[in-house]
Amino acid sequence: MAEHAPAPVKPPFWNDPQVRAIAFQVIALVVTVAFGLYIFHNTQLNLRRLGIASGFDFLSSPSGFDIIQTLIPYSPTSNYGQVFWVALLNTLLVSALGIVLATLLGFIVGIARLSKNWLVAKLALIYIETFRNIPLLLQIFFWYFAVLRAVPAPRQSLSLGDAVFLNIRGLYMPAPQFQPGFGWVLVALAIAIGLVWWLKRWAWQRQMATGQAFPILRTSLALLLGLPLVVFWLAGSPLHWQLPELRGFNFQGGWVVIPEMASLLLALSVYTATFIAEIVRSGIQAVSHGQTEASLSLGLNSSLTLRLVVLPQALRVIIPPLTNQYLNLTKNSSLAAAIGYPDLVAAFAGTTLNQTGQAIECIAITMAVYLTISLLISLGMNWYNRRVALVER
Amino acid sequence: MNSLQTLTAAAALMLTGVAQAGTTLEAIKKNGFIKCGVSDGLPGFSYADEKGNYSGIDVDVCRAVAAAVFGDATKVKFTPLTAKERLTALQSGEIDVLSRNTTWTSSRDSAQGLNFTGITYYDGQGFLVNKKLGVKSAKDLDGATVCVQAGTTTELNLSDYFRSHKMKFTPITYDKSDESAKSLEAGRCDVLTSDQSQLYAQRIKLAKPDDYMVLPEVISKEPLGPVVRHGDDEWFDIVRWSLFVMVDAEELGITSKNVEEMKKSSNPDIKRMLGVEGDKGKDFGLANDWMATVIKQVGNYGEIFERNVGQGSPLQIKRGLNALWTQGGLQYAPPVR
């Protein structure tokens with residue numbers, strides 16, 4: 001019979017680690033909340049002392065100014081709330097396009113950096129070392145004030161088949177105008193996508209079962225292009241192009257990419273791509289060389305080796321730092337204000353703030369928006385990271 | 001960058017303790033200089049040369065205030081501000097007085113918590129175009145691309161004007177007036193719009209000023225003047241009267257050259273103003289002869305006008321609305337009494 005172990009002496013509650021942990025958290029919370037309240041109270045007092053209006057009522061009063069690029073209908077009679085949405089969409093547009101371009105360019109340059117071709121590898125190296133070591137703001141100015149100012153005036157526009165025009169006011173392109181019946185073309189495209197998906201599954205299963213490969217790429221392309229085209233022709237070509245036309249001072253009609261947006265986009269993607277290229281290179285080099293050798297000795301050629309063996313493993317190393325670059329690019333897009341691109345910082349935290357004088361509200365909204373965008377990008381990339389992460393059994 | 005400045009200004013609004021806020025004058029006397037917000041480079045109004053010496057009407061207004069407070073017109077620290085930054089900088093206390101061709105409007109007086117102390121320059125908005133365009137009137141500008149400074153009344157007037165004349169335009173808004181000028185030269189925009197005085201100033205900064213002309217239309221009223229924060233009447237009075245004194249001095253014929261002789265004048269108006277008779281200067285909480293100091297060190301209104309934007313300057317702007325009321329203009333100051 002074992003003797004009863006002496007009952008453990010209960011430590012006094014202030015020595016209990018659990019109690020302590022909770023107590024410290026409560027104290028931290030109280031201090032944070034008190035500090036927040038103090039700031040809020042103090043701000044209110046200061047604003048009242050200076051007689052400055054506060055609150056968010058200004059969002060519903062008319063703005064009275066125009067904006068050069070609006071993705072949703074907007075006029076000077078719209079209110080500041082609509083200015084916010086216009087500005088936010090402009091920020092999202094340039095960030096999204098920038099992320100796509102930077103990723104494409106970054107992957108190409110990153111892989112080129114490891115090329116066995118001496119010239120290709122050195123060119124990639126020179127590109128990376130040049131553009132990542134020049135401040136982004138200078139690059140934006142370079143594209144805007146040097147490169148895009150060198151194109152001709154509206155009357156001497158460079159034109160491509162009298163449909164696409166390039167001049168100092170921007171790149172003018174024909175705008176599609178959808179006629180009734182175009183919906184069927186979209187339906188056909190959806191059906192084609194569905195078919196391709198099904199075809200891919202079927203081909204995979206067949207290959208697993210019989211070992212016979214199916215020319216999936218060619219058939220998919222034929223389906224994706226052919227089916228909508230046939231429907232387009234059957235529906236009587238329900239699509240017209242509105243060509244830009246020189247009237248008065250400028251080209252009117254069509255789609256236009258303004259130089260402010262083009263230079264911002266170029267600068268952001270060229271700059272961020274250098275960092276992505278280095279991330280891709282380090283990711284590829286992180287995959288043990290034995291993997292490449294094993295793949296080559298199994299008879300896969302070098303491009304298949306890269307695509308099927310190296311890249312999938314490299315992605316695990318690449319994704320987390322890539323997320324950082326996406327966040328950086330989005331936040332860097334706020335430099336738009338320097339060249340007059342109406343993004344969130346220029347049109348909302350700039351012009352709106354100045355016209356209404358409500359600095360705290362405008363800055364708070366802008367900060368909240370950037371925080372939200374960044375968290376959403378992180379969330380998406382984390383989800384993708386979990387998908388490509390090594391599944392351990 | 002300017003967004004950073006706006007941010008710090010907003011942070012200052014949040015963190016400044018209410019208890020510490022003494023009067024503006026006390027703080028200025030403790031610092032030993034006046035913090036004056038000026039433009040980021042507008043010849044004739046506020047402009048820094050290669051050596052960093054500021055000159056211009058707006059600059060002289062701040063110098064007059066310094067002469068009033070310290071008896072020394074050089075005790076000013078100038079802060080160049082863009083149109084976007086200027087009001088927040090004043091609201092948050094980064095500067096004591098804003099003297100930066102700023103238009104007096106109702107919303108700035110009310111909701112934005114500011115007080116305009118007077119009018120240094122009666123201005124109106126106009127258009128600057130390249131002569132090659134062949135445009136003779138602002139009514140021909142339908143469809144034009146217009147460069148304008150962000151966060152100004154100009155930006156609002158522009159929209160109003162085109163809307164009321166049923167015309168279309170494409171705006172490009174820059175933070176700095178220099179960027180607008182560069183864009184006009186490069187042909188990114190057809191027209192540059194701003195207050196007329198600024199257009200003349202911008203024009204002489206262009207590579208070929210003679211290729212450009214200011215259109216005849218004036219589309220708005222732009223009374224420009226110094227601005228202070230709400231809630232400090234003592235400081236408001238000092239800034240306001242520093243300007244009034246210069247206008248009154250011109251009317252009474254007192255100049256920086258003859259101010260000492262004028263002290264011997266038998267005219268009671270002049271005696272009161274120069275502090276020879278009565279305590280008018282002391283009433284402001286300053287030296288009794290501060291008005292004489294202002295005129296001696298900075299000059300009267302006519303002198304600063306001619307020196308900076310008038311016949312003595314490259315701008316060659318005529319007095320026009322800015323002549324004294326006795327000469328058919330609008331400049332009129334209350335009496336020292």
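Each chain gets a letter, A, B and so on, in the order the sequences are listed, and its residues count up from 1.
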So do the side chains of [X] and [Y] get within less than 4.5 Å of each other, counting heavy atoms only?
X         : Y         : value
Gln355(A) : Glu155(B) : yes
Ser75(A)  : Arg163(B) : no
Phe249(A) : Val135(B) : yes

- Item | Any donor-acceptor N/O pair, Ser159(B) side chain to Asp66(A) backbone, under 3.5 Å | yes

- Using modelled atom types only, decide if a donor and an acceptor are shared between the side chain of Asn250(A) and the backbone of Gly143(B) within a distance under 3.5 Å. yes

- Heavy-atom proximity to chain B below 4.5 Å, by part of Leu148(A): neither

- Message: Between Arg188(B) and Glu260(A), does any NZ, NE, NH1 or NH2 come within less than 4.0 Å of an OD or OE carboxylate oxygen?
- Response: yes

- Item | Pairing of Arg169(A) and Asp190(B) as salt bridge, 4.0 angstrom limit | yes

- Message: Under 4.5 Å from any heavy atom of chain A, what part of Leu141(B) do you find: side chain, backbone, both or neither?
- Response: both

- How would you list, by chain and number, every residue that makes a side-chain contact (heavy atoms from CB on, under 4.5 Å) with Val151(A), sequence neighbours excluded? Leu166(A), Ile168(A)

- Task: Kindly state each residue pair satisfying ring pair (Phe, Tyr, Trp, His ring centres under 6.0 Å) with at least one member in residues 216-236 of chain B, sequence neighbours excluded.
- Result: none

- Note on the structure: Answer key: most heavy-atom pairs under 4.5 Å with chain A among Gly113(B), Cys189(B), Pro171(B) is Pro171(B)

